[in-house]
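For the single chain, residues carry numbers from 1 onward in sequence order. Both ligands and their constituent atoms are indexed starting at 1 by order of listing.
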Amino acid sequence: MILLLLGPPGAGKGTQCERLMLEYKLVQLSTGDMLRAEVKSGSELGKKAKAIMGTGKLIPDEVVIEMISDAIDLQKDANGIILDGFPRTKSQASSLDDMLLSKGLYMNHVIQLDVDDNKILKRLSGRFACANCGAGYHDIYNKPINEEKCDKCGSTSFSRRSDDKLEVVQERLKEYQAQTLPILPFYRQKGVLQLIDGSKSVEEVYEQITNIIG
Ligand code: AMP
């Protein structure tokens, strides 16, 4: 199964992916995570990506398209794949379509998590993650049980994304509206698009997703 989660930054795609991966044994492919790994490694690509990501703008299409194609090839034995953060432009969506076809795959579901901008700003300003295993948390909505330690791996080290700063988030939202929203008609026309209310609780959103994917 190929499942695509779409939605503005902070819509909860990563949180939902964590559960879907566990319960449906799916693999998450997140271009944002891949790019952050490049930045961390200090590679040439990472250096270029860091400068762009710091402004909230998008990385050039050809870079992320190649990245995702290679990543899909590595998942031949997976039960299914959740795409998170890709495609994000019309050109990425149509390249993905050709790419899947050439690999004998197709998109099963595209789920759009709708959340209004005010809620996004509140969510992003409080989010942080375990620096060791990447588990996501929030200062108000989703604290670790023991505030000092990650629930999943016990690490005491946490980090915050530098692009969750207010001015960068505003730019990321603008990019989402200008570049990503226009891909919805593409998937609507294919009959695979479902819209859900992403402002509900993590549990309720998860239920809406599982009702769709079965
Ligand atoms: P994310 O973690 O998905 O919010 O992505 C963080 C940043 O990585 C974005 O603001 C972009 O700069 C970059 N990025 C991630 N995925 C893509 C993509 N599919 N196309 C272009 N840029 C991307």
Side-chain angles (χ1 to χ4, degrees), residues 2-18 20-21 27-41 43-72 81-100 107 110-115 117 119-131 133-138 159-184 186-187 198:
I2 310 262
L3 163 67
L4 164 60
L5 289 187
L6 278 175
K13 303 183 294 290
T15 307
Q16 296 298 331
C17 274
E18 280 179 29
L20 289 164
M21 280 160 61
V27 174
Q28 174 198 25
L29 296 183
S30 153
T31 39
D33 285 350
M34 293 176 206
L35 289 163
R36 280 184 286 280
E38 290 288 341
V39 171
K40 208 168 167 190
S41 78
S43 67
E44 274 315 303
L45 169 59
K47 283 180 199 150
K48 286 186 196 142
K50 188 176 179 185
I52 301 174
M53 290 163 84
T55 65
K57 297 264 181 216
L58 295 181
I59 303 294
D61 286 338
E62 59 278 12
V63 175
V64 280
I65 289 167
E66 191 183 332
M67 209 178 224
I68 208 85
S69 176
D70 293 347
I72 291 175
I81 291 174
I82 317 175
L83 294 173
D84 167 10
F86 179 94
R88 250 179 161 99
T89 63
K90 273 191 186 168
S91 147
Q92 291 179 20
S94 81
S95 297
L96 175 66
D97 218 36
D98 297 342
M99 186 196 300
L100 291 179
M107 185 68 80
V110 176
I111 301 179
Q112 155 81 357
L113 276 67
D114 255 343
V115 185
D117 289 4
K119 189 137 194 172
I120 292 292
L121 293 174
K122 271 193 209 145
R123 281 187 181 178
L124 291 188
S125 62
R127 83 175 175 180
F128 61 99
C130 170
C133 72
Y137 296 102
H138 192 279
S159 62
R160 284 178 198 262
R161 283 174 51 168
S162 57
D163 61 352
D164 279 348
K165 284 194 277 265
L166 184 63
E167 60 282 13
V168 185
V169 169
Q170 281 164 337
E171 189 56 40
R172 286 164 65 203
L173 280 172
K174 264 199 226 153
E175 286 284 78
Y176 174 75
Q177 273 144 14
Q179 310 253 37
T180 309
L181 280 182
I183 71 181
L184 294 185
F186 177 82
Y187 288 117

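- Salt-bridge annotation for Arg172 and Glu175: absent, with no side-chain N of the basic residue lying under 4.0 Å from a carboxylate O of the acidic one.
- Between Ala93 and Pro87, the shortest heavy-atom contact is N-CB, 3.5 Å.
- For the residue pair Glu38 / Ser43, a side-chain donor-acceptor distance below 3.5 Å is found, with atom types taken as modelled.
- For ligand 1, residues of the protein lying within 4.0 angstrom by heavy-atom distance are Thr31, Gly32, Leu35, Arg36, Met53, Lys57, Leu58, Ile59, Val64, Gly85, Phe86, Arg88, Gln92, Arg161, Asp163, Arg172.
- To the nearest 0.5 Å, atom CG of residue Leu6 and atom CD of residue Gln112 are 5.5 Å apart.
- Remark: Glu66 CD is loosely packed, at most 12 non-hydrogen atoms of other residues, nucleotides or ligands lying under 6.0 Å away.
- Two residues are said to be in side-chain contact when any heavy atoms from C-beta on lie closer than 4.5 Å; Asp84 and Gln16 fail this criterion.
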